[in-house]
Amino acid sequence: MAASLASTDRDLRGYPERTFPTRILQIDPSKILFKGKERDLSQEGQVAFVDDTDCETLLKVAAQALADSHLVAFPTETVYGLGANALDEDAVVKIFRAKGRPTDNPLIVHISDMDMLRKLVLEGYQLSAVYDALIRDFWPGPMTLLFPVDEVKVPSVVRCGLKTLGVRMPSHPVARALIAKSKLPLAAPSANASGRPSPTTAMHVYRDMTSKKNGNIEGRLPYIIDGGPCLVGLESTVIDGVTCQGELRVLRPGGVGVEALEHCLQANKLLLGQPDCKANAVSLRVYGKDMQRSKEEESAPTTPGMKYRHYSPDAEVILLLEQPKANINNGKGDENPVLSPRDAVNLLVSQHSRAGNTLKIGLMSLDDSELTNSLMQKPDQVNGHYHFLRHFSLGSKGRPEQVAKRLFEGLRALDEGEEEDGSDRCELIFVEAPNDDAGIGLAIMNRLEKAASSVLYIAL
Ligand code: TXA
Ligand code: MG
């Protein structure tokens, strides 16, 4: 059992001035039960605990740490979050320090009931019909909505001076229980070091948030709650329904697909253009799909949800995008050559090999794909200059939810290696891009494009 931090310990120094012997608190999500109706969002403090006093005690330890201005990492259904009391400026500053996060990138605040939302938004703010419908369908769950914020109550540092606040009600029992138990809205970005792939296990968080010095662990936070691997594996969909009248803008695709949002609007007669739509109907716009991407916008602090750089492992990530076979041209005299898988690999190897060294390559691809079959047959004999170090499976064809769940895990596994000395770290990672924008596919492609340094077109 982890010792509680003394409740009098209100040392406000954060990393790097202060470090911790970071402890992992194991909490089994199946031991947490919610009283009342599962989707009743309005009830406060509705957490119940089933025959597990340890689980309750550990949650109390974590809740106390949050009340004492400390950081606690916790599981959500999307990715692990690095949490702090959203109303405590000193605590929130620690999030930016621990992650090395740019201070112009605002945080999402996590709530466990609608009363908490009311305390964060501008006084007198009424939910629009569109938000009301979305909340009924997708909360608790992987959807973040922007709201006009109460600028007095919510410290500016949380929202980086913006007049909107991103809020989400997670469905993971541990996340919801922690928020309800602590009675605190939790500001929480993904719990990775800034720029790294988001963490989908407690171990990912531990690796990013601790280092070893003279045999001692120097952690950036006191506690990480381990509630098992995240089920969705990619972050929430970030939606802005307040900035532009008559528009619902998807700023970041995520766990809730655009089709599901569209379906919800249609079912409530709130999609502009449908014959029987209501007067307060809106158009649905998706950044990067039917809203043009722009480098200027993506680097401006006023449009933080759209930022470019992200999710990069140290290895160079190259997307392999499938094209019709008819387009194959062996790369001669074409700006975007379409190559066979072997030619694609040979090209990259010739570009990246250094004399005398074997290039370490990882391949992330579907179990049963032609690409996998073509490249994994005698993988180390294709060319004397390289070998495939490792294959990481993205799951089965036609199961995008498996790809989403495994994507960040795979980037980390191939990038970090598993040998103690890092001898099996890959320098190049090839990723078979599913190239399907439907459902969670849009979020998968968005994360892959952000992680990759280049795209190669291949014909199978
Ligand atoms: O699933 C998730 O959303 C995870 C879990 C932990 O909840 N959190 C997460 O947080 O992904 P983070 O900080 O890694 O990403 C939040 C995104 C950022 O792109 C940020 O710029 C955007 O949401 N965002 C937050 N508040 C915003 C605001 N007021 N306006 C525009 N974008 C905002
Ligand atoms: Mg993040």
Less than 4.5 Å apart, side chain to side chain, heavy atoms only: is that true for [X] and [Y]?
X      : Y      : answer
Leu407 : Met364 : yes
Cys55  : Ile32  : yes
Phe430 : Leu348 : yes
Asp367 : Ser396 : yes
Val258 : Asp437 : no
Val403 : Ile440 : no
Leu270 : Asn280 : yes

- Salt-bridge test for Arg412 and Asp208: reply yes if a basic N is under 4.0 Å from a carboxylate O, no otherwise.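 Yes, Arg412 and Asp208 are salt-bridged.
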
- Query: Is Lys31 salt-bridged to Glu56, cutoff N-O under 4.0 Å?
  - Reply: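 Salt bridge between Lys31 and Glu56, a charged N being under 4.0 Å from a carboxylate O: no.
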
- Task: Test Tyr131 against every option in Trp139, Tyr125, Phe147, Phe138 by the ring-ring contact (aromatic ring centres under 6.0 Å, His included) rule and name the one that passes.
- Result: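 Among the candidates, only Phe147 passes.
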
Closer than 3.5 angstrom, by distance alone: can the side chain of [X] be matched with the main-chain N or O of [Y] as a donor-acceptor pair?
X      : Y      : answer
Thr144 : Ser236 : no
Ser283 : Glu247 : no
Arg425 : Asp415 : yes
Asp113 : Met116 : yes
Glu259 : Gly439 : yes
Gln402 : Arg399 : no
Lys99  : Ser190 : yes
Arg342 : Ser374 : yes
Arg101 : Pro106 : yes
Thr210 : Arg207 : no

- So Lys181 and Leu178, side-chain contact (heavy atoms from CB on, under 4.5 Å) or not? Walk me through it. CA-CA 5 Å; Lys181 219 30 194 178; Leu178 179 66; 5.6 Å; no

Smallest separation among heavy atoms of [X] and [Y], with atom names:
X      : Y      : value
Ser365 : Glu432 : CB-OE1, 3.1 Å
Ile111 : Pro170 : O-CD, 3.4 Å
Gly166 : Leu146 : CA-CD2, 3.6 Å
Lys397 : Ser369 : NZ-CA, 4.4 Å
Thr372 : Leu366 : OG1-O, 2.5 Å
Ala451 : Val317 : O-CB, 3.6 Å

- Check the pair Met209 / Asn192 against side-chain contact (heavy atoms from CB on, under 4.5 Å), numbers first and verdict last. CA-CA 7 Å; Met209 290 294 147; Asn192 50 290; over 6 Å; no

- For atom CD of Gln245, decide whether the heavy atoms of other residues, nucleotides or ligands shown that lie under 6.0 angstrom number more than 12.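 12 or below, so no.
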
- Check step by step if side chain to side chain donor-acceptor pair (under 3.5 Å) holds for Glu235 and Ser198. CA-CA 8 Å; Glu235 303 88 339; Ser198 295; 2.5 Å; yes

Could you state the interatomic distance from [atom1] ([X]) to [atom2] ([Y]), rounded to the nearest 0.5 Å?
X      : Y      : atom1 : atom2 : value
Ser453 : Leu319 : OG    : CG    : 8.5 Å
Leu145 : Ile239 : CG    : CD1   : 5.5 Å
Leu339 : Gln323 : CG    : CD    : 10.5 Å
Leu186 : Leu107 : CG    : CG    : 11.5 Å
Ile318 : Leu456 : CD1   : CG    : 6.5 Å
Leu134 : Cys264 : CG    : SG    : 4.5 Å

- Query: Would Arg196 and Asp314 count as a side-chain contact (heavy atoms from CB on, under 4.5 Å) if you check the C-alpha gap in whole Å, the side-chain angles of each, and the deciding distance to 0.1 Å?
  - Reply: CA-CA 8 Å; Arg196 303 275 306 149; Asp314 292 334; 4.1 Å; yes

Please report, to 0.1 Å, the donor-acceptor pairs under 3.5 Å made by any side chain of residues 74-81, with sequence neighbours excluded.
residue: Thr76; atom: OG1; partner: Thr78; partner atom: N; Å: 3.0
residue: Thr76; atom: OG1; partner: Thr78; partner atom: OG1; Å: 2.8
residue: Thr76; atom: OG1; partner: Val79; partner atom: N; Å: 3.3
residue: Thr76; atom: OG1; partner: Val79; partner atom: O; Å: 2.7
residue: Thr76; atom: OG1; partner: Arg168; partner atom: NH2; Å: 3.0
residue: Glu77; atom: OE1; partner: Ser171; partner atom: N; Å: 3.1
residue: Glu77; atom: OE1; partner: His172; partner atom: N; Å: 3.2
residue: Glu77; atom: OE2; partner: Arg168; partner atom: NH1; Å: 2.8
residue: Glu77; atom: OE2; partner: Ser171; partner atom: N; Å: 3.1
residue: Glu77; atom: OE2; partner: Ser171; partner atom: OG; Å: 3.4
residue: Thr78; atom: OG1; partner: Arg168; partner atom: NH2; Å: 3.1
residue: Tyr80; atom: OH; partner: Gly227; partner atom: N; Å: 3.1
residue: Tyr80; atom: OH; partner: Gly228; partner atom: N; Å: 3.4
residue: Tyr80; atom: OH; partner: Gly228; partner atom: O; Å: 2.7

- Decide yes or no on side-chain contact (heavy atoms from CB on, under 4.5 Å) for Val205 and Leu82, but give the supporting numbers first. CA-CA 9 Å; Val205 181; Leu82 183 62; 5.5 Å; no

